[in-house]
Amino acid sequence: MGGAVSAGEDNDDLIDNLKEAQYIRTDKVEQAFRAIDRGDYYLEGYRDNAYKDLAWKHGNIHLSAPCIYSEVMEALNLQQGLSFLNLGSGTGYLSTMVGLIIGPFGVNHGVELHKDVVEYAKDRLEEFIRNSDSFDKFEFCEPSFVVGNCLEISSDSHQYDRIYCGAGVQKDHENYMKVMLKVGGILVMPIEDQLTQITRTGQSSWESKNILAVSFAPLVQQSRNDGSKPDAVVLPSFSVRSLQDLARIYIRRTVRNLVNEETLSKGPVQRVPQKRKRRRCRPPRINTYVFVGNQLIPEPMESEEDERIEKESKEEEQDKDTVEPLKPEEPQVNLLRDKILNLPLPEPLKAYLLYYREK
């Protein structure tokens, strides 16, 4: 599924194409997509395909097409502080984007059938927190992933504000999905080849809306060889943050606000756009004809315009050898990090405030 938009050269180019095609329609969804490089969730030898609007699968690792994720993110209508459950969380790509929007006081849980994929998702998440420049620009709700079958979730589990299922749901499992949703919550899932948004409007009332025609592999119903049911999946708890963690969140928020105010006071940074050379169109050359014996021979007739264009073309060719190469853009400075490092605090506390990031 995919191919709805043109392939991009990099992550920003892909997002530009998704915006142009109206798959991404809100600023918060755009910011989340730009913050998480889709290529970071591909295996090393397959990254060339990361910015195409196509699904990708290698073994148990799977990513849906960017246009699908865009529609899902828009349909979830995410807000700060919401609880989110990702059924079939895969690489953690979607869960990480969701975490940037729901913020540190949200809940971000994922269930994935394959243990190796959960380990892969945890590695990608750690890489994002440790090394991504985007991490310090957001307040983040870190996803928590568990191994298990989405159809075997414990019946006494919490309900969620937002739920997404990344596999095809059979009609007889629709109610099973709905009961995990809070009143006022939104469930997005593929059912009967339609990506569907379901809003719970009351204890026993629902509103459904078809979003997009899709084709998903169905949810896997597992059973044991002896005929007994698999163990129930226990979801992570809705834990309360420690005072130490709350202090880090609010200190970083205060410093970030200070950095933003200082940046605004300096005014917008003026970037000089790169000049593109205008392609010179040469007008058709006029020919005149002369008789040589019994033959009519065409001979070019030079005009003043021809001579001027010829001269300018030669000058441009000479300029190519003498033009100075463009200076590469200077890397962006992480102002939040610099500000924290300059605080009059013990080094271990600074490291904690920076989440022990090395850059």
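Residues take their numbers from the sequence shown, with the count starting at 1.
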message: Under the criterion side chain to side chain donor-acceptor pair (under 3.5 Å), I'd like the reasoning laid out for Tyr42 against Asp37: C-alpha separation, chi angles, the key distance, then a yes or no.
response: CA-CA 10 Å; Tyr42 275 64; Asp37 193 320; over 6 Å; no
Taking every non-hydrogen atom, the tightest pair across [X] and [Y]:
X      : Y      : answer
Glu30  : Lys19  : OE1-NZ, 3.2 Å
Gly103 : Cys141 : O-CB, 2.8 Å
Leu195 : Glu71  : CD2-CB, 4.2 Å
Phe145 : Lys122 : O-CE, 4.1 Å
Arg124 : Asp40  : NH1-O, 3.0 Å
Pro218 : Ala167 : C-CB, 4.2 Å

Pair listing, salt bridge (Lys or Arg N to Asp or Glu O under 4.0 Å) test, anchored in residues 90-102, at least two apart: none
Pairs where residues 92-106 contributes a residue and the test salt bridge (Lys or Arg N to Asp or Glu O under 4.0 Å) is met, not counting sequence neighbours: none
Can you name the side-chain hydrogen bond (donor to acceptor under 3.5 Å, both in side chains) partners of [X], sequence neighbours left out?
X      : answer
Asn149 : none
Asp123 : none
Asp10  : none

Quick one: side chains of residues 178-190, donor-acceptor pairs under 3.5 Å with protein atoms, not counting sequence neighbours, listed by atom name and distance.
from, atom 1, to, atom 2, distance (Å)
Lys178, NZ, Glu174, OE2, 3.1

query: When you look at Arg256 and Asp136, which way does the salt bridge (Lys or Arg N to Asp or Glu O under 4.0 Å) test go after all the steps?
result: CA-CA 9 Å; Arg256 185 183 292 108; Asp136 284 334; 5.5 Å; no
query: Is a donor on one side and an acceptor on the other found under 3.5 Å between the side chain of Asp161 and the backbone of Ser83?
result: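 Indeed, once roles are kept as given, a pair shorter than 3.5 Å links the two residues.
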Donor-acceptor under 3.5 Å (Arg357 side chain, Ser132 main chain):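 It does hold such a pair.
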query: When you look at CG of Asp172, are more than 12 heavy atoms from neighbouring residues, nucleotides or ligands closer to it than 6.0 Å?
result: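 Buried by this count: over 12 neighbours within 6.0 Å.
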I'd like a table of donor-acceptor pairs (distance under 3.5 Å, sequence neighbours excluded) in which one partner is a side-chain atom from residues 236-244, with atom names and distances.
from, atom 1, to, atom 2, distance (Å)
Arg241, NE, Pro104, O, 2.6
Arg241, NH1, Asp245, OD2, 2.5
Arg241, NH2, Pro104, O, 2.9
Ser242, OG, Asp245, N, 3.1

Please list, one pair per line, the donor and acceptor atoms closer than 3.5 Å that link side chains of residues 111-121 to other protein atoms, with sequence neighbours excluded.
from, atom 1, to, atom 2, distance (Å)
Glu112, OE1, Gly90, N, 2.9
Glu112, OE2, His114, N, 3.2
Asp116, OD1, Asn60, ND2, 3.4
Asp116, OD2, Asn60, ND2, 3.4
Tyr120, OH, Tyr41, O, 2.9

Distance-only check: which donor-acceptor pairs under 3.5 Å involve side-chain atoms of residues 91-100, not counting sequence neighbours?
from, atom 1, to, atom 2, distance (Å)
Thr91, OG1, Tyr93, N, 3.3
Ser95, OG, Asn86, ND2, 3.0
Thr96, OG1, Gly92, O, 2.7

- request: List in chain and number order the residues that pass salt bridge (Lys or Arg N to Asp or Glu O under 4.0 Å) with Glu347, two or more places apart in sequence or in another chain; answer none if no residue qualifies.
  value: Lys350
task: Step by step, work out the side-chain contact (heavy atoms from CB on, under 4.5 Å) result for Val146 and His109.
output: CA-CA 8 Å; Val146 296; His109 295 163; over 6 Å; no
- request: Could you list the residues that satisfy ring pair (Phe, Tyr, Trp, His ring centres under 6.0 Å) with His58, not counting sequence neighbours?
  value: Tyr46
statement: Residue set satisfying ring pair (Phe, Tyr, Trp, His ring centres under 6.0 Å) with Tyr356, at least two apart, ordered chain then number -> none
